[in-house]
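All chains are named by letter (A, B, ...) in the order of the sequence lines, taking the proteins before the strands, and each is independently numbered beginning at 1. Bear in mind that the values here come from a model prediction, so they are computed numbers and not experimental data.
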There are 4 protein chains.
Amino acid sequence: MRTVNAAQRAAKREALLDAAAQCFAERGYEATRTADICAVVGMSSGNLFHYFRTKHDVLLALVEREGTQTAAFLTELGAECGPFDALLGLLEAVCEMAADPVAGGLALEISAQAHRDEDVALRYKANDRSFRDGLAELVRAADAAGEIRTDLTPEAAATWLAALVDGVFARVEADPDFRPAEQSAVLRRLVTHLLREGGV
Amino acid sequence: MRTVNAAQRAAKREALLDAAAQCFAERGYEATRTADICAVVGMSSGNLFHYFRTKHDVLLALVEREGTQTAAFLTELGAECGPFDALLGLLEAVCEMAADPVAGGLALEISAQAHRDEDVALRYKANDRSFRDGLAELVRAADAAGEIRTDLTPEAAATWLAALVDGVFARVEADPDFRPAEQSAVLRRLVTHLLREGGV
Amino acid sequence: MRTVNAAQRAAKREALLDAAAQCFAERGYEATRTADICAVVGMSSGNLFHYFRTKHDVLLALVEREGTQTAAFLTELGAECGPFDALLGLLEAVCEMAADPVAGGLALEISAQAHRDEDVALRYKANDRSFRDGLAELVRAADAAGEIRTDLTPEAAATWLAALVDGVFARVEADPDFRPAEQSAVLRRLVTHLLREGGV
Amino acid sequence: MRTVNAAQRAAKREALLDAAAQCFAERGYEATRTADICAVVGMSSGNLFHYFRTKHDVLLALVEREGTQTAAFLTELGAECGPFDALLGLLEAVCEMAADPVAGGLALEISAQAHRDEDVALRYKANDRSFRDGLAELVRAADAAGEIRTDLTPEAAATWLAALVDGVFARVEADPDFRPAEQSAVLRRLVTHLLREGGV
DNA sequence: CATGAATGAGATTTCATTCAT
DNA sequence: CATGAATGAAATCTCATTCAT
């Protein structure tokens with residue numbers, strides 16, 4: 001019995017996080033009312049507070065979930081193919097994500113909130129750290145496999161890969177004519193340059 | 001004297017915009033109270049509304065001012081040296097700006113607000129458009145001067161230069177160890193690759 | 001149970017309208033704060049806005065309710081006795097109402113607001129129209145029953161009956177010694193003259 | 001010198017009262033801003049307070065002026081012709097005034113404010129008292145001249161004459177089709193009945 | 001006296017959170 | 001646990017009034 005309830009609870013928490021992701025992406029964290037989130041999952045307004053102590057907690061949980069999902073994605077990606085192909089595959093995936101208004105909007109919103117909220121910042125930076133660690137790991141592996149040749153440290157390479165990812169997300173928001181899918185060739189070229197071409 | 005008053009008015013408007021920039025960058029637009037802005041310039045709470053009709057108008061004016069300043073900066077830059085050096089100089093400047101918490105935070109906040117506010121979006125995209133137009137113009141000039149060689153159109157090159165700029169801003173927020181000044185060499189290398197190396 | 005809630009809601013709406021009527025009559029619409037209305041029904045300040053979107057909506061609903069009640073009163077009156085007696089009975093009723101500070105003050109306030117607010121004016125005039133239509137109908141019926149004899153059209157007669165009603169309300173406000181109840185004889189005489197005596 | 005200044009002061013006070021009358025009639029006392037009144041006379045906003053201590057004082061002065069003007073009008077009217085004709089002439093004048101939006105609106109606004117403001121009420125009632133006294137005086141004179149025959153006391157007659165005047169003002173506001181000028185025949189008939197026909 | 005910028009109290013409205021049912 | 005009505009603090013914006021110039 002307790003298991004069933006726990007599973008139901010978890011499912012509802014997830015549903016609420018999904019709804020919150022959608023609302024935050026569309027309207028932003030502050031402009032989203034807790035009642036909006038409840039409405040999306042068809043729940044009564046006060047009920048959210050059985051699952052999260054505060055609206056702020058919803059955001060924190062969401063940021064944490066994003067980090068977990070990204071980490072899982074990175075791990076999965078590395079297992080499927082060689083490390084350099086994994087990195088290139090990641091870029092394709094990022095371009096797809098950036099084109100999705102919810103994913104793109106949420107990423108933007110979280111980074112904006114991180115700038116003004118200590119708690120969010122902590123988790124956001126941890127996520128970013130773990131993302132860059134994953135990238136650096138792939139870079140190291142690619143190097144070990146002889147797939148790449150660069151004088152950048154794996155960490156510096158990871159930093160710039162992350163910057164490119166950020167750049168793609170930002171372009172989608174700023175430029176209505178920017179279609180990430182159509183730009184993956186240039187992106188791939190930049191990455192290849194970063195990792196295969198030598199010296200500063 | 002009309003002139004004195006008009007000048008005083010304009011000066012106070014500017015002071016309010018400076019204060020708003022600081023507050024928005026620190027706390028975000030929604031979390032900033034109009035009274036906060038007034039407090040920064042040492043003004044009574046209601047007085048802001050002699051200069052701006054609404055809080056929203058303050059934001060719009062700020063976005064517009066950012067656009068104007070960026071455009072002026074681009075123009076000035078192109079006049080001082082050759083076009084390719086201007087582009088590289090721009091990157092140095094961007095790295096400096098990104099390191100300033102107010103400039104960086106404000107840029108982030110504006111792009112976040114653009115995602116949820118039609119009016120801000122309009123001006124934000126116009127600014128971005130004008131920024132990319134300026135970049136494309138420099139690329140074209142550099143090409144005409146034989147300083148670069150690339151199969152990217154000037155517009156595509158400008159798009160990716162803008163993406164790199166966005167990426168630098170984002171990195172500052174996400175990674176406490178990222179020092180833009182220390183990274184300008186890599187950035188310069190990426191730009192050089194983008195503009196001097198050929199085919200996709 | 002849906003019914004219970006809907007009934008409770010409706011009851012509270014009515015209570016709020018009663019409270020608003022009292023406040024508007026005493027202090028006027030603009031000088032009444034929404035918190036005053038809430039205090040009268042013993043409600044917290046924000047709660048009013050679960051029942052009415054704005055303070056303005058409270059006023060509009062009140063004006064509409066006044067119209068509905070007056071119409072119902074007219075209908076009821078006509079059914080109880082002959083049409084001419086109904087008209088005379090109406091005057092007694094009006095004299096009673098005019099003596100009530102809330103009813104009198106509210107009538108005055110609504111007409112004052114109608115003068116400066118399009119929406120109120122629309123409903124106010126519709127109410128007045130429907131009141132005069134009801135009066136004209138009674139006049140017509142009295143004429144058909146041979147109870148009266150006048151060369152005024154039913155509409156003109158209704159207009160002047162309404163003017164007399166307005167006059168009584170105004171007198172109560174302007175003249176502290178005016179007791180409507182003591183004046184019904186003169187009023188009745190004026191009405192009788194209007195309806196029973198002939199040509200201009 | 002002092003005389004000139006005093007006359008200028010008085011003229012400006014009058015101009016402000018005219019402007020206030022117009023604004024109060026159009027928008028109501030509370031909705032009128034002191035700056036609005038100044039704008040109408042082409043004066044800077046703070047300057048009003050050199051002529052009236054408060055906005056409230058403007059209203060009080062206006063009410064007093066209305067009373068003075070009405071009294072003067074009544075006196076003048078009685079001197080020009082016989083008392084009964086004076087009464088009938090008064091009705092024509094009232095119908096003209098009621099048709100004027102400023103005069104009508106102001107009357108309505110003053111009576112509304114009188115209902116919620118002790119000071120206004122005092123002056124408003126004094127004005128009304130003096131108006132009814134003037135009417136009663138005319139009735140008495142007409143009676144002495146054998147022009148009328150009624151069993152109403154002069155005071156009661158004056159009360160009902162005032163009620164008819166109020167009624168006409170109210171009709172103008174409530175009924176867009178009511179044209180006071182077209183209705184003066186009925187009004188005259190009612191007055192004649194009131195004063196020439198006997199007993200209740 | 002004239003100006004109009006500045007003050008600051010106050011009003012409506014919103015919404016996270018609570019809690020009786 | 002679910003509901004949704006109620007709470008009440010807080011934020012933007014208005015405007016009578018003051019006062020330096």
Side-chain angles (χ1 to χ4, degrees), chain A residues 5 8-9 12 29-39 41-58, chain B residues 1-2 4-6 8-9 12 29-39 41-58, chain C residues 1-2 4-6 8-9 12 29-39 41-58, chain D residues 5 8-9 12 29-39 41-58:
Chain A
N5 288 346
Q8 270 180 358
R9 256 192 88 78
K12 244 165 210 174
Y29 170 72
E30 316 242 20
T32 295
R33 284 154 294 171
T34 54
D36 292 341
I37 301 173
C38 294
V41 300
M43 199 177 247
S44 73
S45 77
N47 201 14
L48 179 144
F49 294 90
H50 288 302
Y51 295 91
F52 297 95
R53 236 166 26 95
T54 64
K55 181 186 174 187
H56 191 230
D57 274 2
V58 176
Chain B
M1 260 319 139
R2 172 98 42 90
V4 169
N5 289 345
Q8 267 181 1
R9 258 192 89 76
K12 231 158 223 177
Y29 170 72
E30 319 234 24
T32 295
R33 277 148 294 161
T34 53
D36 294 340
I37 302 174
C38 293
V41 299
M43 205 177 241
S44 77
S45 75
N47 201 16
L48 178 144
F49 296 93
H50 288 303
Y51 297 91
F52 298 94
R53 240 166 22 99
T54 62
K55 182 186 173 188
H56 190 228
D57 272 4
V58 176
Chain C
M1 280 280 162
R2 169 100 42 92
V4 169
N5 289 345
Q8 267 180 2
R9 256 193 92 75
K12 232 158 221 175
Y29 170 72
E30 318 234 26
T32 295
R33 279 146 294 162
T34 53
D36 294 339
I37 302 174
C38 293
V41 300
M43 205 177 240
S44 77
S45 76
N47 201 16
L48 179 144
F49 296 91
H50 288 303
Y51 295 92
F52 298 95
R53 243 168 18 104
T54 62
K55 182 187 174 189
H56 191 227
D57 273 3
V58 176
Chain D
N5 288 345
Q8 270 181 356
R9 256 191 89 77
K12 243 165 209 175
Y29 170 72
E30 317 241 21
T32 295
R33 285 155 293 173
T34 53
D36 293 340
I37 301 173
C38 294
V41 300
M43 199 177 247
S44 74
S45 77
N47 201 12
L48 180 144
F49 294 91
H50 287 303
Y51 295 92
F52 297 95
R53 237 167 24 96
T54 64
K55 181 187 175 188
H56 190 230
D57 273 3
V58 176

5'-most by nearest nucleotide on DNA chain F - His50(C) or Tyr29(B):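 The residue whose closest nucleotide sits nearer the 5' end is His50(C).
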Thr34(C) side chain N/O closer than 4.0 Å to the phosphate oxygens (OP1, OP2) of dT12(E)?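 Yes, because at least one side-chain N or O of Thr34(C) sits under 4.0 Å from OP1 or OP2 of dT12(E).
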Side-chain N or O of Lys12(A) closer than 4.0 Å to phosphate OP1/OP2 of dA2(F):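 Yes, because at least one side-chain N or O of Lys12(A) sits under 4.0 Å from OP1 or OP2 of dA2(F).
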Identify which nucleotide among [options] has an atom closest to any side-chain atom of [X], counting heavy atoms from C-beta outward.
X: Phe49(D); options: dT18(F), dG8(E), dT17(E); result: dT18(F)
X: Asn47(C); options: dT7(F), dA5(E), dA6(E); result: dT7(F)
X: Ser45(A); options: dA5(F), dT3(F), dT13(E); result: dA5(F)
X: Lys55(C); options: dT7(E), dT12(E), dT3(F); result: dT12(E)
X: Arg33(B); options: dA2(F), dT12(F), dA2(E); result: dT12(F)
X: Arg9(B); options: dA11(F), dT13(E), dA5(E); result: dA5(E)
X: Tyr51(D); options: dT18(E), dA2(E), dC13(F); result: dA2(E)

Return whichever of Thr32(A) or Met43(D) has its heavy-atom-nearest nucleotide of DNA chain E closer to the 5' end.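 Looking at the nearest nucleotide for each, Met43(D) comes out on the 5' side.
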Who pairs with His56(B) by side-chain contact (heavy atoms from CB on, under 4.5 Å), at least two apart in sequence or on another chain?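 side-chain contact (heavy atoms from CB on, under 4.5 Å) list for His56(B), sorted by chain: Tyr29(B), Thr54(B), Leu60(B), Asp117(B), Asp119(B), Val120(B).
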Using the C1' atom as the point on both nucleotides, what is the distance between dT21(F) and dC1(E), in whole Å?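 Between the two C1' atoms, the distance is 13 Å.
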Lys55(C) vs Phe49(C) side-chain heavy atoms within contact, under 4.5 Å: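 Counting from C-beta outward, Lys55(C) and Phe49(C) never come under 4.5 Å.
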Would you write out the dot-bracket form of DNA chain E, 5' to 3', with Watson-Crick and G-U pairs under 3.5 Å, [ ] for crossing pairs, | for pairs to other strands and . for unpaired bases? .||||||||||||||||||||
Does Phe52(A) reach a base, just sugar-phosphate, or nothing at all? Heavy atoms under 4.0 Å.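 Answer is nothing: Phe52(A) stays at 4.0 Å or more from every strand.
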